[in-house]
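Worksheet: the structure to be examined is printed underneath.
Letters A, B, ... are given to chains in the order of the sequence lines, protein chains preceding strands, and every chain is numbered from 1.
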Amino acid sequence: KQEVTQIPAALSVPEGENLVLNCSFTDSAIYNLQWFRQDPGKGLTSLLLIQSSQREQTSGRLNASLDKSSGRSTLYIAASQPGDSATYLCAVRSMYNNNDMRFGAGTRLTVKP
Amino acid sequence: KAGVTQTPRYLIKTRGQQVTLSCSPISGHRSVSWYQQTPGQGLQFLFEYFSETQRNKGNFPGRFSGRQFSNSRSEMNVSTLELGDSALYLCASSPQQGGNEQFFGPGTRLTVL
C-alpha cells in the first residue's frame, strides 16, 4: 500500500526566502505526482503535475522535481511571498490499483512579511 | 472555461439523516472523483466515476455511495449520517479515467450534529 509522507508538517519563513518542501512515497510504481495548494477551508489548486517519465516541472517561481527510484519529490518555491502562505499537498497516482491516488498530510507554510 | 462546481457549499445535518452532494465537472471532463478531508485523516479517496460507471472505490462503508449522469455530473450520497462524517467533501474532475491531472472544486463542508 502506497504511503505518502510530507516533511516538515509546518514551516514559517520570512518573505523573500527560497524554500523547499519535501514529499516521499514508499512505492516507486507511480503514474504521476501532483502538487497542490490549499487555502484554509477551500478546495485544492493544482500547481504542478510530473509524469513518471519526467524529472522536473516548472511554473513561475515554482519548481518540482521527481526522483522515482528514491521515492522523493521536492517543491522549490523561489522568493517566497506572504501570498504563498497555504498548505501544500503532494499526491501520488499509482500505476496499479486502478490508478489509486494517495495524498500526503501536507506542509502548512507561513510566509511572514 | 468554468471550473469544477460543487453544491451546496455548506450543509448542516443531524445524526441519522441522509445527504446528497452534487458536483459538476469542467466541461469536457468525463471522470469525477470524490474525496473526504478531515483534520485527523487528511484527504481520503472515496470513489471515481467514468462514463456513468464506478471505476474505483476507496475504503469507506456502504453508507457512502455515488452515481454519475450522462452529462458527467456526479452526486454522492451518505445515508444514516454519523458525527464522524463531518468533513470537507471534495470533488475532482479530469478529462479521462486514471492518470490525468485532477482539478478540484471548492468542496462542500458537511457538519453533522
Worksheet item: So does B:Asn71 have more than 12 non-hydrogen atoms from other groups sitting under 6.0 Å from CG?
Response: yes
Item to complete: Group every Ile, Leu, Val, Met, Phe, Trp and Tyr by side-chain heavy-atom contacts under 4.5 Å, then state whether A:Tyr76 and A:Trp35 land in the same group.
Response: no
Discussion item. The criterion is side chain to side chain donor-acceptor pair (under 3.5 Å); which residues satisfy it with B:Gln54, sequence neighbours excluded?
Written reply: B:Tyr49
Discussion item. Using heavy-atom distances under 4.5 Å, tell me whether B:Leu88 contacts chain A through its side chain, its backbone, both, or neither.
Written reply: side chain
Item to complete: Can you establish whether the number of heavy atoms outside A:Arg61 located under 6.0 Å from its atom CZ is more than 12?
Response: yes
Worksheet entry | Non-hydrogen atoms of A:Phe103 and B:Leu43 that approach each other most closely | CD2-CD1, 3.5 Å
Item to complete: To the nearest 0.5 Å, tell me how far B:Glu101 CD sits from A:Gln51 CD.
Response: 9.0 Å
Item to complete: Side-chain contact test, heavy atoms from C-beta onward, threshold under 4.5 Å: evaluate it for B:Gln102 versus A:Arg93 and give yes or no.
Response: yes
Worksheet item: Is A:Ile50 linked to A:Leu75 within one hydrophobic cluster, defined over Ile, Leu, Val, Met, Phe, Trp and Tyr using a side-chain heavy-atom separation of less than 4.5 Å?
Response: yes
Practice prompt. Could you grab the distance from atom CZ of B:Phe103 to atom CD of A:Gln34, nearest 0.5 Å is fine?
Written response: 7.0 Å
Discussion item. If you count every heavy atom of other residues, nucleotides or ligands that lies below 6.0 Å from A:Arg72 atom CZ, does the total exceed 12?
Written reply: no
Discussion item. Which atoms of B:Gln37 are under 4.5 Å from chain A, going by heavy atoms: the side chain, the backbone, both sets, or neither?
Written reply: side chain
Worksheet item: Looking at B:Phe45 and A:Met101, what are the two nearest heavy atoms and their distance?
Response: CB-O, 4.3 Å
